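Structure first, commentary second.
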Amino acid sequence: MDFLDFHHHQRNKNGIYSLNLTDEIPAGKFSAGLHPKDITDNWQTDLESIKKISLSENCLAIGECGLDGLIDIDEKLQNEIFQAHINWAEEIKKPIIIHCVRRFSQILHYKTAKVPLVIHGFNKKENIAQELLDAGFYLSFGKAALDHLPLQNTIKNIPIRSFFLETDDSDFEISELYEKVAEIRSISLENLKDQMWENLDNIVRHG
Ligand SMILES: [Zn+2]
C-alpha cells in the first residue's frame, strides 16, 4: 500500500494534493480551499469556484484554509472566510484541512463545527496539541517531526487515531517520516501505513 501523504503541494505526488486554484481538477485525490495568504478582494469569486470544484468525488477535504497571525490580511476578514469554508464543508460533509499560524486560541472557537477539523503542519508544544485533541481536532505532522524531539514526544503520546503525516511544501520523502514515526511509536511500518489510511477513512466517512 502507498504511503498516505496527507497534505502536499505537488500535483504529481500521491496523497492529498492541495489544489492551486488556477489548476485544472487533478485525476487524483485533492483538497480545495483559500489559503489565508491568497485572500484578495476577489475572495468571494474564489470561494464560489472552490465550492464548485469541491463537489468532485476526488476532492476529499476543504482547505487548506484558516487563520494566520503573521500576514497582513485583516483578521476579521480571515475569520469570516474561514467560517464560510466551514459552512460549506458542513453542507457537503467533507473534513477541513486547517492552516493555523499563531492563532491557536482563536481556532479553538471553531471546535463546534460539524465536520472533522485537521490542523496541518502542527509543530507546537504538547500542551497545545493536547488542548486541540481534547477539543476534537486532528493533527497532521510534517518535516519538523523528523528531528524535533519535543514534537516526537507528542507523537509518541497521543492516540494513533488522532493524527496524519504530510510533506506539505517541504522537500523530503514521506517514507522517511513514516519510518521515524513507526520507530517512535514502536509499531511496524505496515501497521502505521494501514492506520493512516484508516484515519483518513474515518474523517472522510464522518465528514
Ligand atoms: Zn500547505
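Here the structure is a predicted model, which means the values were calculated and not measured. The chain is numbered in sequence order, starting from 1. Every number for a ligand or one of its atoms is a count from 1 in the order of the listing.
Here the closest heavy-atom approach between residue C100 and residue I119 is recorded as CB-CG2, 4.4 Å.
Excluding waters, the protein N/O/S atoms found under 2.8 Å from the Zn ion (ligand 1) are H7 NE2, H9 NE2, E64 OE2, D168 OD1.
Ring orientation note: the planes of F122 and F141 are nearly perpendicular, at an angle over 60° on the 30°/60° scale. In this pair, Y110 and F82 present their aromatic rings perpendicular. The plane angle is above 60°, beyond the 30 to 60° band.
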task = Give the C-alpha distance, both sets of side-chain angles, the deciding distance and a yes or no for side-chain contact (heavy atoms from CB on, under 4.5 Å) between L132 and K124.
result = CA-CA 11 Å; L132 289 164; K124 299 298 167 214; over 6 Å; no

Can you check salt bridge (Lys or Arg N to Asp or Glu O under 4.0 Å) on R103 and E75, steps first, answer last?
CA-CA 10 Å; R103 289 295 174 269; E75 301 243 349; 2.7 Å; yes

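Test H7, H120, E166 against S140 for side chain to side chain donor-acceptor pair (under 3.5 Å) and you get one pass: E166.
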